[in-house]
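These notes concern the structure reproduced below.
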Amino acid sequence: EQTPARHAPPLIDFVRHEVVSTPDPRLTVARAPSGPQAASFRALRRGLLEKDDRTPKVIAVAGAGSGDGRSYCAANLALALAETKTHKVLLIEANTREPAIAELFDIPNPPDAVGQVADHRRAPEAAWRIVELADAGLHVLPVAPRSDRPRVIDGPGFARAIERLRDAYDYIVVDTPAVLSGPDLGLIEHVVDVVLLATRSSRSRGRDLKAAVGQITARKLFGVVLVD
């Protein structure tokens, strides 16, 4: 029996970016590494890495609605995974409606995840341009914050991109749009290993949270993360 052929790792051109000396207050793992919020993200990291059946490699962070803390949770989880410097970690943004990652990390004129997904449909072997946050040990592929971006992600394109980038990283954290805002999560859910549902006690309504849980495949849902 022949062993299935493996793809060569994708080509990556890194855009080096220095983390500012005083990071955004929302990046608690970087801003206050000894604080209780940073500790909670390390506990979440430990829970994922010690998952009984199989350690998830691609982790989607979702939320029921706007303001539920998806990007905050995704960014800090990615920082917690990367801070050990023993794993290659990518934070990729799939939220075309409310992109926040470039602002969080203060990345001006970032290489655009949406445009690159489209480009790789036409040229799958082309190099990816990914931001390297050298001090944090983290790689980031954000959505460029411009007005002409599509409102719904290219689901098949993003799924194909994640499958290709799996070969280059130990962990990929995907910042997704709100579950109840459209079909986006459903378009890429099949290509992620687990889904975390971020929620804020001050913003999330019980019925919305229940509706969001109902739209996520039960075996993919790792848990609900309270981020306030």
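Just so it is clear, the values below take in all heavy atoms, side chains as well, and ignore hydrogens, waters and symmetry mates.
The main-chain N or O of Arg129 is found under 3.5 Å from a side-chain atom of Gln116 such that the two form a donor-acceptor pair. Checking side-chain atoms of Lys57 against main-chain N and O of Ile172 turns up no donor-acceptor pair under 3.5 Å. A donor-acceptor contact shorter than 3.5 Å links the side chain of Lys88 to the backbone of Ala168. Between the side chain of Thr199 and the backbone N or O of Leu226 there is no donor-acceptor pair closer than 3.5 Å. Proximity of a side-chain donor or acceptor of Glu189 to a complementary backbone N or O of Thr217 within less than 3.5 Å is detected. Using modelled atom types, one side-chain atom of His120 and one backbone atom of Ala126 make a donor-acceptor pair closer than 3.5 Å.
Summarising the geometry of Val174 relative to Ala94, their closest heavy-atom pair is CG1-CB, 3.9 Å, with the distance given to 0.1 Å. Closest approach of Phe41 and Leu77 over heavy atoms only: CD2-N, 3.9 Å. Taking both residues in full, the closest heavy atoms of Cys73 and Val227 are given as CB-CG1, 4.0 Å, listed atom of the first, atom of the second, then distance. When all heavy atoms of Asp13 and Ala127 are compared, the pair lying nearest together is OD2-CB, 3.7 Å. The two residues Ala64 and Asp208 have their closest heavy-atom pair at CB-O, 3.7 Å. Leu79 and Phe105 make their closest contact through CD2-CE2, 4.2 Å (heavy atoms, listed as atom of the first residue, atom of the second, distance).
Cation-pi contact between Arg200 and Tyr72: present, with separation from the ring centre below 6.0 Å and deviation from the ring axis of at most 45°.
Note on Glu18 versus Arg16: salt bridge recorded, some NZ/NE/NH1/NH2 to OD/OE distance being below 4.0 Å. Salt bridge absent: Arg160 and Glu163 never bring a charged side-chain N and a carboxylate O closer than 4.0 Å. Salt bridge present: Arg121 and Asp154 bring a charged side-chain N and a carboxylate O closer than 4.0 Å. Taking a cutoff of 4.0 Å between a charged side-chain nitrogen and a carboxylate oxygen, Asp68 and Arg70 do not qualify as a salt bridge. The pair Glu50-Arg45 does not meet the salt-bridge criterion, since no charged nitrogen lies less than 4.0 angstrom from a carboxylate oxygen. The pair Arg219-Asp193 does not meet the salt-bridge criterion, since no charged nitrogen lies less than 4.0 angstrom from a carboxylate oxygen.
Between Glu98 and Ser66, some side-chain heavy-atom pair lies under the 4.5 Å cut-off. In this structure the side chain of Val140 never reaches within 4.5 angstrom of the side chain of Ile130, judged on heavy atoms. Residues Ile92 and Asp175 form no side-chain contact, since every pair of their non-hydrogen atoms from C-beta on lies 4.5 Å or further apart. Leu197 places a side-chain heavy atom less than 4.5 Å from the side chain of Leu209. Residues Glu125 and Leu11 are not in side-chain contact: their nearest non-hydrogen atoms beyond the backbone lie 4.5 Å or more apart. At a threshold of 4.5 Å between non-hydrogen side-chain atoms, the residues Leu133 and Val131 count as touching. Taking the side chain as every heavy atom from C-beta outward, Gln37 and Arg26 never approach each other to under 4.5 Å. Proximity of Leu90 to Leu165: side-chain heavy atoms (C-beta onward) are separated by under 4.5 Å at one or more points.
In this structure, the ring of His139 has its center less than 6.0 angstrom from the ring center of Phe14. Here the two rings, on His87 and Tyr169, have centers that are 6.0 Å apart or farther.
Using modelled atom types, one finds a donor on one side chain and an acceptor on the other under 3.5 Å when comparing Thr28 with Asn76.
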ask   = side chain to side chain contact (heavy atoms under 4.5 Å, CB included) between Leu185 and Ile216: does it pass, once the steps are laid out?
value = CA-CA 8 Å; Leu185 179 62; Ile216 299 170; 4.0 Å; yes
task = Any chance you could lay out the side chain to side chain contact (heavy atoms under 4.5 Å, CB included) test for Glu83 and Val29, step after step, and finish with the verdict?
result = CA-CA 9 Å; Glu83 72 176 355; Val29 172; 3.7 Å; yes
task = Walk me through it: do Phe158 and Val191 pass the test side chain to side chain contact (heavy atoms under 4.5 Å, CB included)?
result = CA-CA 9 Å; Phe158 258 92; Val191 83; over 6 Å; no
inquiry  = Assess the residue pair Leu44 and Leu196 against the criterion (side chain to side chain contact (heavy atoms under 4.5 Å, CB included)); give the C-alpha distance rounded to whole Å, side-chain angles, the decisive distance to 0.1 Å, and a yes or no.
reply    = CA-CA 10 Å; Leu44 177 58; Leu196 294 172; 4.0 Å; yes
Would you mind writing out the side-chain donor-acceptor pairs for residues 107-115 within the sub-3.5 Å range, not counting sequence neighbours?
{"unit_1": "Asp112", "atom_1": "OD1", "unit_2": "Val114", "atom_2": "N", "d": "3.4"}
{"unit_1": "Asp112", "atom_1": "OD1", "unit_2": "Ala144", "atom_2": "N", "d": "2.8"}
{"unit_1": "Asp112", "atom_1": "OD2", "unit_2": "Gly115", "atom_2": "N", "d": "3.0"}
{"unit_1": "Asp112", "atom_1": "OD2", "unit_2": "Arg146", "atom_2": "NH1", "d": "3.4"}
{"unit_1": "Asp112", "atom_1": "OD2", "unit_2": "Arg146", "atom_2": "NH2", "d": "3.2"}

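None of Asp170, Leu138, Ile59 except one satisfies the side chain to side chain contact (heavy atoms under 4.5 Å, CB included) rule with Leu81; the exception is Ile59.
The neighbour count for Lys85 NZ, taken as heavy atoms of other residues, nucleotides or ligands under 6.0 Å away, is above 12.
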